Amino acid sequence: MAGSYPEGAPAVLADKRQQFGRRFLSDPARVFHHNAWDNVEWSEEQAAAAERKVQENSIQRVCQEKQVDYEINAHKYWNDFYKIHENGFFKDRHWLFTEFPELAPSQNQNHLKDSFLENKSEVSECRNNEDGPGLIMEEQHKCSSKSLEYKTQTPMEENVTQKISDLEICADEFPGSSATYRILEVGCGVGNTVFPILQTNNDPGLFVYCCDFSSTAIELVQTNSEYDPSRCFAFVHDLCDEEKSYPVPKGSLDIIILIFVLSAIVPDKMQEAINRLSRLLKPGGMMLLRDYGRYDMAQLRFKKGQCLSGNFYVRGDGTRVYFFTQEELDTLFTTAGLEKVQNLVDRRLQVNRGKQLTMYRVWIQCKYCKPLLSSTS
């Protein structure tokens with residue numbers, strides 16, 4: 001463990017980056033005065049206790065037979081999850097537009113273009129949480145997710161075909177082919193990200209794709225009153241299935257969203273999944289991720305016998321979860337040929353004032369962009 005803090009959560013922000021929010025706990029006696037505190041530092045004792053807890057709950061591993069079952073029947077466990085909870089488990093993620101302005105209407109297109117032309121511009125940081133809105137902080141991107149210089153000139157325009165199941169999808173004949181701005185969410189669940197995007201972003205050139213491993217989840221998306229086939233295409237897809245193509249050509253997407261989804265797959269399959277997604281991005285396109293960080297409260301709560309492999313666990317309902325470090329995610333994205341725009345740890349102290357409980361959450365938020373094509377390519 002680096003220093004006295006959980007991996008990926010340094011005590012001192014050496015690069016002088018902006019902190020995640022505006023509410024800081026300076027007096028421990030005031031911990032129950034608010035529901036949450038930002039950028040909470042961990043003491044040496046707390047960090048050591050978290051590491052010991054993970055070591056303890058990782059000693060006893062799930063037997064190989066059960067591990068095979070969790071992998072083969074992963075779709076069944078997720079279908080069961082959504083059959084039980086339907087659309088009542090997660091809240092709509094309206095905070096996404098604070099953390100990921102790339103998803104909002106293109107009202108500041110000129111600013112994005114200027115930022116796109118800047119080389120290695122400094123990245124300021126912001127914070128959010130899975131349950132509520134974040135606080136707005138300014139951020140300059142070294143790569144524009146709008147891919148402004150490539151709206152009319154992309155490899156997608158070559159009449160290259162891709163086989164999707166039993167269909168031949170041509171570069172000019174696929175859902176949303178006439179759109180000028182395309183977003184794909186992988187692991188969309190019941191639409192808690194997709195529908196806020198469609199409601200907020202009224203860009204007539206926008207088209208949103210969304211997929212999930214669970215056919216039950218996709219059915220819930222498609223039967224939602226907000227689902228508009230003229231602006232959105234929902235489909236069932238296994239992120240780990242290397243034989244199954246996405247219903248869009250390579251180099252056709254501006255944004256790919258991964259919100260608490262990469263952590264749900266086997267670690268050995270993560271790199272190829274990111275590689276395949278990276279090929280779908282336009283030059284200058286952006287991949288946005290938010291997922292569980294190492295030593296998050298959820299990881300520390302697992303009991304012995306729930307660990308599948310290092311930092312990879314199975315929940316009581318059969319769904320699985322991995323807890324990342326910043327370095328692991330950076331390796332996944334850069335190996336796929338993407339460049340870092342943002343990679344930060346969001347550490348928050350959530351408080352249940354009624355029960356006098358404190359909950360330390362650790363999330364990681366990333367933005368990685370696809371480099372522009374060189375002038376000679």
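What you see is a predicted model; the values in this text were computed from it and never measured.
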Q: Which pairs of donor and acceptor atoms, one on a side chain in residues 216-223, lie under 3.5 Å apart (sequence neighbours left out)?
A:
| residue | atom | partner | partner atom | Å |
| --- | --- | --- | --- | --- |
| Thr216 | OG1 | Asn79 | OD1 | 3.2 |
| Gln222 | NE2 | Ala234 | O | 3.1 |
| Thr223 | OG1 | Glu219 | O | 2.8 |
| Thr223 | OG1 | Leu220 | O | 3.4 |

Q: For the residue pair Phe174 and Phe233, establish whether any side-chain heavy-atom pair is separated by less than 4.5 Å.
A: no
Q: Any non-hydrogen side-chain atom of Tyr70 less than 4.5 Å from a side-chain atom of Thr319?
A: no
Q: Not counting sequence neighbours, which residues clear salt bridge (Lys or Arg N to Asp or Glu O under 4.0 Å) with Lys304? List them please.
A: none
Q: Hey, what's the ring geometry for Phe235 with His237, parallel, tilted or perpendicular (30° and 60° as the breaks)?
A: perpendicular
Q: Is it the case that the side chain of Gln365 and the backbone of Arg290 share a donor-acceptor pair, with hydrogens and angles ignored and the cut-off at 3.5 Å?
A: no
Q: Going by atom types alone, do Asn57 and Gln306 pair a side-chain donor with an acceptor below 3.5 Å?
A: no
Q: What's the verdict on side-chain hydrogen bond (donor to acceptor under 3.5 Å, both in side chains) for Ser214 and Asp212, showing C-alpha distance, side-chain angles and the deciding distance?
A: CA-CA 5 Å; Ser214 167; Asp212 199 276; 4.6 Å; no
Q: Check side-chain hydrogen bond (donor to acceptor under 3.5 Å, both in side chains) between Ser178 and all other residues, then give those that pass, not counting sequence neighbours.
A: none
Q: Using the test side-chain hydrogen bond (donor to acceptor under 3.5 Å, both in side chains), find all partners of Tyr209 that sit at least two apart in sequence or belong to another chain.
A: none
Q: Tell me whether the rings of Phe260 and Trp363 are parallel (<30°), tilted (30 to 60°) or perpendicular (>60°).
A: perpendicular
Q: Between Asp330 and Tyr368, does the side-chain hydrogen bond (donor to acceptor under 3.5 Å, both in side chains) criterion hold? Intermediate values first, please.
A: CA-CA 9 Å; Asp330 185 70; Tyr368 282 75; 2.5 Å; yes
Q: Donor-acceptor pair, Gln67 side chain versus Val62 backbone, under 3.5 Å?
A: yes
Q: Is there a donor-acceptor contact under 3.5 Å from the side chain of Arg294 to the main chain of Phe323?
A: yes
Q: Between Tyr292 and Asn311, does the side-chain hydrogen bond (donor to acceptor under 3.5 Å, both in side chains) criterion hold? Intermediate values first, please.
A: CA-CA 11 Å; Tyr292 296 101; Asn311 304 295; over 6 Å; no
Q: With sequence neighbours excluded, tell me which residues meet side-chain hydrogen bond (donor to acceptor under 3.5 Å, both in side chains) with Lys269.
A: Glu71
Q: Any side-chain to backbone donor/acceptor pair from Gln326 onto Asn343? Under 3.5 Å, distance only.
A: yes
Q: Using the salt bridge (Lys or Arg N to Asp or Glu O under 4.0 Å) rule, take Glu272 and Arg279 through it: C-alpha gap first, then chi angles, then the decisive distance, then the call.
A: CA-CA 11 Å; Glu272 184 55 35; Arg279 291 192 282 268; 3.5 Å; yes
Q: Taking the side chain as C-beta and beyond, is there a heavy-atom pair between Leu281 and Ile255 under 4.5 Å?
A: no
Q: Between Asp291 and Tyr322, is a side-chain hydrogen bond (donor to acceptor under 3.5 Å, both in side chains) present by the stated rule, with each step listed?
A: CA-CA 9 Å; Asp291 221 318; Tyr322 185 83; over 6 Å; no
Q: Checking Arg231 now: which residues fulfil salt bridge (Lys or Arg N to Asp or Glu O under 4.0 Å) with it, not counting sequence neighbours?
A: none
